[in-house]
Amino acid sequence: MKCALVTGGSRGIGRAICQKMAGMGYYLLVNYKNNRAEAEKTLNLINGNGELLQFDVAHKTEIQQALGGWIEKNEDKPIEVLVNNAGIRDDSLMAWMDESQWDNVLKTNLDSFFYVTKLVLNGMIAQKYGRIINVVSLSGLKGLAGQTNYSAAKAGVIGATKALAQEVARQGITVNALAPGFIKTDMTEGLDEKELKALIPAKRFGLPEEVAAAAAFFASPEASYITGQVLSINGGLYT
Ligand code: NAP
């Protein structure tokens with residue numbers, strides 16, 4: 001049985017990626033933090049072909065207990081695809097940003113990459129095959145005012161993507177990143193869509209399914225010679 005783990009699979013982009021991976025024949029590990037009802041909805045949408053794995057990606061001990069425990073108990077189910085998708089933003093100008101905003105955003109978006117990937121990587125090395133896909137952001141490429149915390153975290157993951165790609169290429173593992181612009185999910189709900197759309201050459205927000213399609217490409221065996229790359233999915237928004 002081949003497995004795919006999607007962090008933050010309960011909603012938005014993560015849910016669309018779960019659906020796409022299920023269509024590729026993967027058994028899904030659907031991670032979420034709080035929203036069990038939405039995570040169950042994801043599981044229904046993939047016809048129950050997977051299971052829920054609740055843990056907070058910002059807490060290394062929770063990751064080690066929940067994910068580490070799952071891996072130990074399921075040696076016959078190697079995780080072939082890891083999508084580090086869970087993320088939050090907590091915007092504020094740097095002058096007004098408090099320490100907790102910095103810490104939470106860095107822990108959830110950047111530290112999570114290290115602790116989750118580290119647990120999954122050994123299995124991929126043993127299998128001599130793996131696909132690691134990190135969901136970053138336009139903000140990590142360009143830097144956006146009001147998002148020093150989020151931009152720093154996403155830029156950090158981009159650097160880690162490029163470095164890890166070089167470390168594990170020989171073992172048949174690729175490591176790539178997806179950098180969405182504005183995608184219609186809960187995360188962008190409070191934004192002024194009308195005003196922002198005017199700045200986007202495609203004149204619309206993207207859909208989670210449009211990010212998931214790119215994830216499916218990186219996850220496919222056909223993409224085996226593509227690694228350390230960042231693919232923008234942003235309707236032509238200048239980066
Ligand atoms: P979303 O709709 O807000 O969904 C966030 C998902 O992440 C939920 O499944 C949530 O779980 C999970 N999550 C949040 N914190 C978590 C934690 N500490 N531990 C485990 N799971 C956690 O967000 P989205 O728009 O789909 O964003 C997905 C990824 O794309 C993020 O990394 C985000 O930074 C990135 N991104 C989004 C956009 C955009 O325009 N939407 C643009 C660029 C990049 P619960 O349901 O349990 O809360």
Side-chain angles (χ1 to χ4, degrees), residues 5-20 28-43 45 52-67 82-91 100 103-116 133-144 147 149-158 160-161 177-193 196-197 199-200 202 204-212 214-215 230-235 237 239:
L5 165 62
V6 179
T7 65
S10 49
R11 291 182 284 129
I13 292 169
R15 169 180 285 165
I17 293 175
C18 286
Q19 290 180 267
K20 200 76 190 172
L28 264 297
L29 297 179
V30 181
N31 160 256
Y32 67 101
K33 182 184 173 189
N34 292 321
N35 220 325
R36 189 171 182 93
E38 291 299 313
E40 273 168 359
K41 216 184 269 179
T42 300
L43 203 52
L45 285 166
L52 303 185
L53 197 55
Q54 193 266 333
F55 58 87
D56 181 345
V57 298
H59 282 96
K60 64 177 172 184
T61 44
E62 264 189 44
I63 298 170
Q64 279 152 359
Q65 278 164 10
L67 178 58
L82 165 63
V83 185
N84 286 306
N85 163 78
I88 54 162
R89 65 182 183 88
D90 190 352
D91 301 349
S100 69
D103 288 343
N104 290 340
V105 169
L106 268 285
K107 276 201 180 101
T108 307
N109 294 290
L110 176 60
D111 294 358
S112 60
F113 160 80
F114 177 76
Y115 293 110
V116 173
I133 300 163
N134 300 318
V135 182
V136 293
S137 170
L138 171 67
S139 188
L141 289 167
K142 190 184 177 207
L144 286 181
Q147 293 194 323
N149 50 359
Y150 186 77
S151 299
K154 296 298 193 183
V157 176
I158 290 170
T161 299
L178 300 171
F182 292 99
I183 308 296
K184 253 180 163 344
T185 67
D186 293 345
M187 186 178 269
T188 51
E189 210 170 51
L191 302 181
D192 186 341
E193 190 172 338
L196 289 165
K197 270 190 330 198
L199 307 172
I200 304 169
R204 64 175 179 87
F205 277 17
L207 300 173
E209 292 73 22
E210 291 174 307
V211 182
V230 184
L231 180 61
S232 288
I233 304 150
N234 60 22
L237 198 55
T239 56

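Order of listing sets the numbers, starting from 1, for every ligand and every atom in it.
Each of the atoms 17 (C), 18 (N), 19 (N) of ligand 1 lies under 4.0 Å from some heavy atom of Asp56. Near Asp186, meaning under 4.0 Å from one of its heavy atoms, ligand 1 places the atoms 2 (O). Close contacts of ligand 1 with Pro180, meaning ligand atoms under 4.0 Å from a residue heavy atom, involve 42 (C), 43 (C), 44 (C). Less than 4.0 angstrom separates some heavy atom of Thr188 from each of these atoms of ligand 1: 39 (C), 40 (O), 41 (N). Residue Gly8 approaches ligand 1 through these ligand atoms, each under 4.0 Å from one of its heavy atoms: 6 (C), 7 (O), 9 (O), 12 (C). Heavy-atom proximity to Val136, at under 4.0 Å, picks out these atoms of ligand 1: 35 (C), 36 (N), 43 (C), 44 (C). Residue contact check: Gly12 has heavy atoms under 4.0 Å from atoms 2 (O), 26 (O) of ligand 1. The contact set between ligand 1 and Phe55, taken as ligand atoms under 4.0 Å from a residue heavy atom, comprises 19 (N), 20 (C).
Protein heavy atom closest to atom 31 (C) of ligand 1, with residue, atom name and distance, is Asn85 O, 3.1 Å. Atom 10 (C) of ligand 1 has as its closest protein heavy atom Arg11 NH2, 3.6 Å. Scanning the protein for heavy atoms near atom 40 (O) of ligand 1, the closest one is Ile183 N, 2.8 Å. In this structure, the protein non-hydrogen atom closest to atom 13 (N) of ligand 1 is Ala86 CB, 3.9 Å.
In terms of polar-atom proximity, defined here as any N/O pair under 3.5 Å, Gly181 does make such a contact with ligand 1. No N or O atom of Phe182 sits closer than 3.5 Å to an N or O atom of ligand 1. Remark: ligand 1 and Ile13 share an N or O pair separated by less than 3.5 Å (distance only, no angle test). In terms of polar-atom proximity, defined here as any N/O pair under 3.5 Å, Tyr32 makes no such contact with ligand 1. For a threshold of 3.5 Å applied to N or O pairs, the pair formed by Ser137 and ligand 1 contains no separation below that value. Between Ser10 and ligand 1, at least one pair of N/O atoms sits closer than 3.5 Å. At least one N or O atom of Thr185 sits closer than 3.5 Å to an N or O atom of ligand 1.
Within the 4.0 Å heavy-atom cutoff, Glu38 does not count among the residues contacting ligand 1. For Arg89, the closest heavy-atom approach to ligand 1 does not fall below 4.0 Å.
Using a 4.5 Å cut-off on side-chain heavy atoms (C-beta onward), Val105 and Arg89 make no contact. The shortest side-chain heavy-atom distance between Phe182 and Leu237 falls under the 4.5 Å cut-off.
For Glu62 and Lys33, the salt-bridge test fails: no basic side-chain N is under 4.0 Å from an acidic carboxylate O. Ion pairing between Lys20 and Glu209 fails under the 4.0 Å rule for side-chain N and carboxylate O.
By the criterion of a heavy-atom distance under 4.0 Å, both the backbone and the side chain of Val57 are placed next to ligand 1. At a 4.0 Å heavy-atom cut-off, ligand 1 touches Tyr150 through the side chain alone. Neither the backbone nor the side chain of Lys184 comes within contact range of ligand 1; no heavy atom lies under 4.0 Å.
Thr161 and Asn134 share a donor-acceptor pair across their side chains, judged by distance under 3.5 Å alone. A side-chain N or O of Ser151 and one of Ser139 form a donor-acceptor pair less than 3.5 Å apart.
A side chain to side chain contact (heavy atoms under 4.5 Å, CB included) with Phe205 is found for one member of Thr188, Thr185, Asn234 and no other, namely Thr188.
Applying the salt bridge (Lys or Arg N to Asp or Glu O under 4.0 Å) test to Lys184 and every residue at least two apart in sequence or in another chain returns Glu193.
Residue Val136 comes nearest to Lys154 through the heavy atom pair CA-CD, 3.6 Å, listed as atom of the first residue, atom of the second, then distance.
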